[in-house]
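Sharing a structure below in structure tokens format, with a few things to ask.
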Amino acid sequence: NTHLPHNHGPASSRNTHARIAKSLLRKREELGAGNMPTVVVGDMNTFASVGASEGSFESNLIDAGWHKSYQARGNPGFAGLDQIFATSHWSSFNGADRGTGGSDHPAIAVYVNLVG
């Protein structure tokens, strides 16, 4: 679970989210987990990488063979900021917002099955 930063301080570059994604992918390789089933969930603050020359968190994961399993619909809560990504090892289905629990973000969930 992660919370990607807004554009300020050390994260002021629009490329910050792309760099975080690349760091995640590198760390998986370093740990010998580059081909292991993986799911990432979080508040992705997608607006912070609009126009980034290195892409977004999402585009870097998609380019590495991941897929977006679910994206928050909001109402209540913000739409589109909270997302779930999974490696190609997983199929995803029945994603949904699950209320807010008093937060300004919806709780999100998706079912995943190992493929094969």
Side-chain angles (χ1 to χ4, degrees):
N1 188 25
T2 190
H3 184 201
L4 296 181
H6 294 248
N7 301 110
H8 59 83
S12 60
S13 170
R14 294 224 173 263
N15 289 311
T16 298
H17 290 188
R19 293 172 185 160
I20 292 169
K22 291 172 187 175
S23 178
L24 168 69
L25 296 169
R26 271 193 314 274
K27 183 54 75 175
R28 288 178 72 241
E29 291 295 329
E30 289 171 15
L31 295 171
N35 196 34
M36 297 298 294
T38 307
V39 175
V40 174
V41 181
D43 175 352
M44 303 306 179
N45 285 319
T46 52
F47 57 86
S49 58
V50 170
S53 61
E54 296 176 30
S56 63
F57 186 83
E58 177 179 349
S59 69
N60 276 270
L61 293 186
I62 299 298
D63 289 348
W66 296 49
H67 66 276
K68 187 189 302 180
S69 297
Y70 186 71
Q71 177 171 301
R73 291 184 173 85
N75 195 23
F78 291 112
L81 298 182
D82 301 282
Q83 301 173 342
I84 302 171
F85 295 95
T87 56
S88 60
H89 304 91
W90 304 100
S91 64
S92 307
F93 60 98
N94 288 342
D97 291 12
R98 305 286 184 185
T100 64
S103 173
D104 57 350
H105 291 260
I108 59 174
V110 68
Y111 289 92
V112 293
N113 278 335
L114 280 171
V115 176

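Computed from a predicted structure; not experimentally measured.
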Stepwise salt bridge (charged side-chain N to carboxylate O under 4.0 Å, His left out) test for Arg14 and Glu54: CA-CA 9 Å; Arg14 294 224 173 263; Glu54 296 176 30; over 6 Å; no
(request) Report yes if the side chains of Trp66 and Asn60 come closer than 4.5 Å at any heavy-atom pair, otherwise no. (result)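 Not in contact.
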Check your understanding: Please, which pairs that meet salt bridge (Lys or Arg N to Asp or Glu O under 4.0 Å) have at least one residue in residues 28-52, sequence neighbours excluded?
Key ->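 Only Lys27-Glu30 qualify under salt bridge (Lys or Arg N to Asp or Glu O under 4.0 Å).
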Quick one: do the Asn15 and Ser53 side chains pair a donor with an acceptor below 3.5 Å?
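Present: a donor and an acceptor within the cut-off.
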_Looking only at the side chains, is there a donor atom on one of Ser92 and Ser69 sitting less than 3.5 Å from an acceptor on the other?_
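On atom types as modelled, these side chains qualify, holding a pair under 3.5 Å.
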Which pairs of donor and acceptor atoms, one on a side chain in residues 77-86, lie under 3.5 Å apart (sequence neighbours left out)?
| residue | atom | partner | partner atom | Å |
| --- | --- | --- | --- | --- |
| Asp82 | OD2 | His105 | ND1 | 2.7 |
| Gln83 | NE2 | Gln71 | OE1 | 2.9 |
| Gln83 | NE2 | Gly80 | O | 3.1 |

Nearest heavy-atom approach of Phe93 to Val110 is O-CG2, 3.4 Å
Non-hydrogen side-chain atoms of Thr16 and Pro5 separated by less than 4.5 Å: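 Thr16 vs Pro5: side chains touch.
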* Asked: Would a distance-only check, ignoring hydrogens and angles, find a side-chain to backbone donor-acceptor pair under 3.5 Å from Asn113 to Ser91?
  -> no
| Would you say Val41 and Thr2 make side-chain contact, with heavy atoms under 4.5 Å? | no
- Is there a donor-acceptor pair under 3.5 Å between the side chain of Tyr70 and the backbone N or O of Asp97?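 Between the backbone of Asp97 and the side chain of Tyr70 there is a qualifying donor-acceptor contact (under 3.5 Å).
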* Asked: Distance-only, no hydrogens or angles: does the Thr38 side chain make a donor-acceptor pair with backbone N or O of Met36 under 3.5 Å?
  -> yes
Here the ring-ring contact (aromatic ring centres under 6.0 Å, His included) pairs for residues 3-54, sequence neighbours left out, are His6-Phe47
With a 4.5 Å limit on heavy-atom distance, are the side chains of Ile20 and Phe57 in contact?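 They are in side-chain contact.
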Check your understanding: Would you say Pro37 and Leu114 make side-chain contact, with heavy atoms under 4.5 Å?
Key ->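 Yes. Closest side-chain heavy atoms under 4.5 Å.
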task = Decide whether Ile108 and Trp90 are clustered together by the hydrophobic rule: side chain heavy atoms of Ile, Leu, Val, Met, Phe, Trp, Tyr closer than 4.5 Å, transitively.
result = yes
